[in-house]
Amino acid sequence: KLSHGSRPCDKTIMIYLDNAATTFKKPINVIEAINHALTSYGNSGRGAYRAALDSGRMVYETREKISKFFGSGDPSKVIFTSNATESLNIVLFGLFGSGDHVISTVTEHNSVLRPLYKLEKTKHIGIDFIGIDESGKLKYDEFEKHIKENTKAIIVNHVSNVSGEIADIEYIGKIAKKNNLYFIADVSQSAGNIKIDMNKTGIDILCFTGHKGLFGPGGTGGIVINSDILIDTFKVGGSGVQSFNKEQPDEYPTRLEAGTLNIMGIAGLGAGIDFINEIGITNIHKKEMQLVKRFYNGIKDIDGIKFYFDKESLENEPENIRHGSIVSFNLKKIPSADLADCLGEDYDIAIRAGAHCAPLIHKAFHTEKEGIARFSFSYFNTEEEVDETIKAIKEISLNYR
């Protein structure tokens with residue numbers, strides 16, 4: 001516990017540094033778009049009256065925004081889901097079957113790992129995982145070594161939600177194309193923070209969530225398909241079209257979108273993308289890297305601190321830093337959970353500690369027992385908040401018993 005002689009929290013506004021879980025502060029236009037949807041839109045595709053037609057137009061326009069945002073060529077292959085976990089479940093269970101082999105990495109979230117493990121158990125698929133070095137970088141020379149005759153796809157977490165390390169998706173995309181494999185990317189931590197071009201990188205299927213860097217509300221996410229791939233239906237039901245067909249329509253997006261869409265969420269998601277386009281994704285990344293670098297420089301000399309990422313990447317100017325908006329570390333004498341509790345209870349600073357739903361990277365870092373303390377930044381964080389957090393960590397380090 002933190003000794004009682006330390007400074008108590010005297011702020012009324014929380015410092016929120018858990019943006020890798022979800023962005024807490026949203027742009028005003030996102031809130032306004034949700035409110036407008038609540039009061040103006042009907043059920044998309046379920047009527048010919050104005051409220052339904054307006055809803056349908058908004059949904060289609062948001063598909064177009066997302067398709068353009070990620071550099072894909074067909075808005076009809078933008079599929080709305082409730083989050084990245086659902087997106088990845090739809091793709092993995094709808095694409096792989098008995099006898100298939102897939103390559104993934106130890107940086108993956110459980111939203112990839114658990115579907116793969118279930119497929120391994122029920123469909124007897126083969127799985128190989130690419131390792132990392134001490135700084136969290138993928139061992140890229142291992143990819144081609146694991147390719148087999150029955151390998152069907154490579155699945156990669158673009159930015160680790162634990163270390164913030166960025167995977168070289170252009171390199172991986174070239175390997176996939178060279179070997180005629182599907183390239184599936186989980187961009188939960190990079191969408192909205194780092195520019196992604198599916199055509200340039202060779203991504204065939206991209207899975208995203210809306211509530212993090214895209215500044216959308218919870219319950220939003222999606223799949224973007226950039227190839228002629230038929231993914232088996234995950235659920236079937238109402239589609240608003242072909243009602244006498246006993247099976248779900250074959251065409252995208254209705255092939256994977258049974259039931260009523262989250263109209264309010266989609267409106268908010270589209271507004272989040274509008275905000276990013278207005279500010280500029282390079283400007284967002286630059287500001288976040290300024291905060292990351294300021295934070296790292298403020299704590300790097302604390303006695304017993306151990307970081308879990310490539311620290312050399314932060315020596316560049318902010319606009320040239322290739323890193324996610326995450327700083328992860330442990331203090332030698334303080335369990336990560338205690339550090340998070342102290343920050344939350346005594347300073348009203350919100351961070352995340354523990355395993356972060358990514359067990360394999362913890363095994364690679366040998367942090368299975370203590371977990372890791374993760375600080376994740378957003379465009380809406382400030383230098384003053386960073387400085388307050390640095391001061392708090394230093395006080396905790398000195399006063400911890």
Side-chain angles (χ1 to χ4, degrees), residues 20 88 92 96 100-117 119-120 125-190 194 196 200-207 306-316 320-330 355-368 370-372 374:
L88 288 159
L92 300 184
F96 302 128
D100 288 336
H101 172 258
V102 298
I103 298 170
S104 193
T105 81
V106 299
T107 70
E108 305 307 312
H109 189 275
N110 270 335
S111 55
V112 167
L113 296 178
R114 284 175 172 166
L116 288 181
Y117 292 147
L119 283 164
E120 183 181 39
I125 70 164
I127 314 167
D128 278 305
F129 293 105
I130 306 303
I132 56 173
D133 63 18
E134 291 183 354
S135 69
K137 285 185 177 181
L138 289 173
K139 296 179 178 179
Y140 292 98
D141 62 331
E142 292 185 0
F143 277 97
E144 293 201 88
K145 293 178 182 178
H146 287 298
I147 295 174
K148 304 175 182 179
E149 288 186 4
N150 60 334
T151 304
K152 192 169 185 177
I154 298 175
I155 308 162
V156 172
N157 187 359
H158 187 199
V159 172
S160 167
N161 70 309
V162 175
S163 69
E165 287 291 328
I166 301 178
D168 188 344
I169 55 176
E170 287 193 41
Y171 176 84
I172 298 167
K174 289 176 181 175
I175 291 175
K177 184 176 181 179
K178 174 184 172 183
N179 292 278
N180 197 30
L181 307 176
Y182 294 139
F183 180 22
I184 304 167
D186 173 5
V187 302
S188 296
Q189 295 297 333
S190 55
I194 300 166
I196 301 166
K200 183 178 180 181
T201 55
I203 297 172
D204 295 298
I205 303 173
L206 177 148
C207 297
K306 178 176 175 55
F307 293 98
Y308 297 96
F309 58 89
D310 179 17
K311 300 183 290 295
E312 291 182 4
S313 65
L314 300 188
E315 295 177 2
N316 298 319
N320 296 321
I321 294 175
R322 281 192 50 77
H323 191 75
S325 53
I326 291 171
V327 176
S328 293
F329 65 86
N330 278 332
H356 312 288
C357 303
L360 296 187
I361 195 170
H362 283 280
K363 289 181 179 180
F365 281 141
H366 306 293
T367 54
E368 302 101 308
E370 68 267 39
I372 292 175
R374 183 185 73 187

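From a predicted model like this one, the values you see are computed outputs, not experimental measurements.
The line from OG of Ser328 to CZ of Phe309 is 7.5 Å long, rounded to the nearest 0.5 Å. Separation of atoms CD1 (Ile361) and CD (Glu165) is listed at 8.5 Å; rounding is to 0.5 Å. Interatomic distance, Ile184 CD1 to Ile172 CD1, rounded to the nearest 0.5 Å: 12.5 Å. Atom CG of Asp100 is separated from atom CD1 of Ile125 by 7.5 Å, given to the nearest 0.5 angstrom. In this structure, the separation between CD on Glu120 and CZ on Phe96 is 13.0 Å, given to the nearest 0.5 Å. Interatomic distance, CG of Asp186 versus SG of Cys207, reported as 7.0 Å (0.5 Å rounding).
The shortest side-chain heavy-atom distance between Phe183 and Leu206 does not fall under the 4.5 Å cut-off. Two residues are said to be in side-chain contact when any heavy atoms from C-beta on lie closer than 4.5 Å; Arg322 and Ser313 fail this criterion. Between Ile205 and Tyr182, the closest side-chain pair of non-hydrogen atoms is not below 4.5 Å. By the 4.5 Å heavy-atom criterion applied to side chains, Lys145 and Asp141 are counted as neighbours. With a 4.5 Å cut-off on side-chain heavy atoms, Ile147 and Ile175 count as touching. For the pair Ser104 and Leu116, the minimum side-chain heavy-atom distance is below 4.5 Å. Residues Phe329 and Ile372 have side chains not in contact (no heavy-atom distance under 4.5 Å, counting atoms from C-beta outward).
Every residue two or more places apart in sequence or in another chain was checked for a side chain to side chain donor-acceptor pair (under 3.5 Å) with Glu170, and none qualifies. For Lys177, the salt bridge (charged side-chain N to carboxylate O under 4.0 Å, His left out) criterion is met by no residue, not counting sequence neighbours. By the side chain to side chain contact (heavy atoms under 4.5 Å, CB included) test, Lys306 is found to be paired with Tyr308, residues two or more places apart in sequence or in another chain being considered. Every residue two or more places apart in sequence or in another chain was checked for a ring pair (Phe, Tyr, Trp, His ring centres under 6.0 Å) with Tyr117, and none qualifies. Partners of Asn316 under the side chain to side chain contact (heavy atoms under 4.5 Å, CB included) rule, at least two apart in sequence or in another chain, are Asn320, Ile321. Annotation: salt bridge (charged side-chain N to carboxylate O under 4.0 Å, His left out) contacts of Lys311 (sequence neighbours excluded): none. Applying the salt bridge (charged side-chain N to carboxylate O under 4.0 Å, His left out) criterion to Glu368, with sequence neighbours excluded, gives no partner residue. For the side chain to side chain donor-acceptor pair (under 3.5 Å) test, residues two or more places apart in sequence or in another chain that qualify with Glu108 are Thr105. Under the rule for a salt bridge (charged side-chain N to carboxylate O under 4.0 Å, His left out), Asp168 has no partner lying at least two apart in sequence or in another chain. Checked against side chain to side chain donor-acceptor pair (under 3.5 Å), Thr201 has no partners two or more places apart in sequence or in another chain.
Across every non-hydrogen atom of Ala20 and Ile326, the tightest pair is CB-CD1, 4.0 Å. Shortest non-hydrogen contact noted between Ile132 and Val106 is CG2-CG2, 3.8 Å. Shown here for Glu370 and His366, the closest heavy-atom pair between the two residues is OE2-O, 3.8 Å.
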Scan the side chains in residues 149-162 for donor-acceptor partners under 3.5 Å anywhere in the protein, sequence neighbours excluded, and list what turns up.
from	atom 1	to	atom 2	distance (Å)
Asn150	ND2	Gly99	O	2.9
Thr151	OG1	His101	ND1	2.7
Thr151	OG1	Lys148	N	2.7
Thr151	OG1	Lys148	O	3.3
Lys152	NZ	Leu95	O	2.7
Asn157	ND2	Thr107	O	3.1
His158	ND1	Ser190	OG	2.7
Ser160	OG	Val162	N	3.1
Ser160	OG	Ser163	N	3.0
Ser160	OG	Ser163	OG	3.3
Asn161	ND2	His356	O	2.9

Decide side-chain contact (heavy atoms from CB on, under 4.5 Å) for His109 and Gln189; before the verdict, give the C-alpha distance in whole Å, the side-chain angles of both, and the deciding distance to 0.1 Å. CA-CA 11 Å; His109 189 275; Gln189 295 297 333; over 6 Å; no
Asn330 and Phe365: side-chain contact (heavy atoms from CB on, under 4.5 Å), yes or no, with the steps? CA-CA 11 Å; Asn330 278 332; Phe365 281 141; over 6 Å; no
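Applying the side-chain hydrogen bond (donor to acceptor under 3.5 Å, both in side chains) test to residues at least two apart or on different chains, the pairs with a partner in residues 131-140 are Asp133-Ser135, Lys137-Asp310.
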